[in-house]
Amino acid sequence: MQRTPELARHLYDRFEPVHAVTYFAPEARAALDNLGYRGFWMGYFAARSAPLGQVAPEVVTALFYNFAPWRVAKALPAAWEIAGPQAALRAREDSAVAALRRYGLTDDENVRTAARLAGGAARQAHLDGRPLFAANLALPWPTDSVAALWHAATLLREHRGDGHVAVLAAAGVSGRESTVLHCAAGAVPADYMKRTRHYDDAEWRVCEQSLIARGLLGDDGSLTPAGRELKNHIETTTDALALRAFDGLDDDEVEALSDALTPIARTVIVNGDMPAVTPMSLRRNF
């Protein structure tokens with residue numbers, strides 16, 4: 001097996017849908033609403049940051065990277081006055097498992113294999129510089145195989161996300177600029193990201209001007225050759241860092257994990273809770 005960056009992307013496309021039910025399944029939204037969180041974003045920031053405990057909104061802004069500081073501060077710490085991190089964690093896991101079971105995932109051999117191998121990779125991955133991954137790794141490990149699979153997928157995606165943030169920071173691309181660069185590369189429509197990441201036209205243009213000044217965007221907002229080179233570097237390096245999460249598995253185990261995850265990811269995607277356009281730019285043609 002060739003352990004190239006593309007292998008990490010291949011695996012990401014298969015484990016990310018398992019985790020992402022947390023954001024798109026109606027069970028997840030209902031569970032967080034039932035705790036009393038006001039609106040999608042309060043529930044999102046509370047549930048995703050809950051492994052960290054009741055940290056300041058500045059910490060969440062730093063770790064999540066591309067969200068507007070004011071949007072995070074609107075949700076936190078107000079959410080903790082409604083329901084604390086432990087309640088958010090229970091709601092997050094229970095609702096994700098309920099959604100996956102509604103799709104048809106059961107405690108069968110394939111799910112157990114995927115959970116065992118993904119969990120084995122995550123347990124052996126290094127913590128260095130990966131705060132969201134580490135916070136999730138410190139949580140109790142579920143005994144139910146569907147829950148264990150979801151938990152392992154969550155760990156692998158936060159491991160990858162921590163690495164992606166490190167690459168962006170090293171490249172001097174701020175969280176808010178990273179979204180503009182991502183859209184310029186054609187990964188996601190700008191109008192969608194402006195709405196979901198809370199940019200007004202003025203802030204978007206400020207980010208564009210910063211990237212134009214560095215020679216990464218042209219005056220029309222499109223990528224220059226230097227911008228394309230940087231974007232490719234960011235994605236390839238993110239994949240290379242994410243690949244390290246699988247160092248604890250041998251080649252046969254990595255292949256078995258891919259084989260197990262592929263039908264699971266297809267099942268999740270075909271059930272339709274995940275919209276056609278997402279910030280994660282998942283590839284679905286497998």
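The model shown is predicted, which means the values in this text are computed figures rather than measured ones. Positions are given from 1, in the same order as the sequence printed here.
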Please give me the minimum heavy-atom distance between [X] and [Y], naming the atom from each residue.
X	Y	answer
L249	G120	CD2-C, 4.5 Å
L181	I234	CD2-CD1, 3.9 Å
V277	P189	CG1-CD, 3.9 Å
S49	L76	OG-CD1, 3.8 Å
A260	N110	O-ND2, 2.9 Å

Return the set of residues passing ring pair (Phe, Tyr, Trp, His ring centres under 6.0 Å) with Y37 (not counting sequence neighbours), or none when no residue passes.
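Ring pair (Phe, Tyr, Trp, His ring centres under 6.0 Å) list for Y37, sorted by chain: empty.
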Any heavy-atom pair between the side chains of E93 and W150 that's under 4.5 Å?
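W150 reaches E93 side chain to side chain.
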Output, in order, the C-alpha distance, side-chain angles, deciding distance and verdict of side-chain contact (heavy atoms from CB on, under 4.5 Å) for E177 and R214.
CA-CA 12 Å; E177 291 170 348; R214 294 175 58 188; 4.2 Å; yes
Who pairs with R9 by salt bridge (charged side-chain N to carboxylate O under 4.0 Å, His left out), at least two apart in sequence or on another chain?
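Salt bridge (charged side-chain N to carboxylate O under 4.0 Å, His left out) list for R9, sorted by chain: D13.
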Would a hydrophobic clustering, with Ile, Leu, Val, Met, Phe, Trp and Tyr connected at side-chain separations under 4.5 Å, put [X] with [Y]?
X	Y	value
M280	L7	yes
F286	L11	no
L89	V21	no

If you round to the nearest 0.5 Å, how far is [atom2] of [Y] from [atom1] of [X]?
X	Y	atom1	atom2	result
L100	T106	CG	OG1	11.5 Å
H151	L139	NE2	CG	5.5 Å
R284	M274	CZ	CE	6.0 Å
T196	R71	OG1	CZ	12.0 Å
R102	D273	CZ	CG	4.5 Å

State whether the number of non-hydrogen atoms from other residues, nucleotides or ligands found under 6.0 Å of [X] atom [atom1] is greater than 12.
X	atom1	value
D219	CG	no
E6	CD	yes
K194	NZ	yes

Regarding N66 and S178, do their side chains bring together a donor and an acceptor under 3.5 Å, going by distance alone?
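Judged by distance alone, the side chains do not pair up.
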Does one side chain, of T22 or R92, offer a donor that lies under 3.5 Å from an acceptor on the other?
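Judged by distance alone, the side chains do not pair up.
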For V206 and Q209: C-alpha separation, side-chain torsions, deciding distance, then whether side-chain contact (heavy atoms from CB on, under 4.5 Å) applies.
CA-CA 5 Å; V206 166; Q209 290 292 343; 5.8 Å; no
Name all pairs fulfilling the ring-ring contact (aromatic ring centres under 6.0 Å, His included) condition that reach into residues 65-98, sequence neighbours left out, sorted by first residue then second.
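Checked against ring-ring contact (aromatic ring centres under 6.0 Å, His included) - neighbours excluded - the pairs reaching residues 65-98 are W41-F67, Y44-F67, F45-F67, W70-H198.
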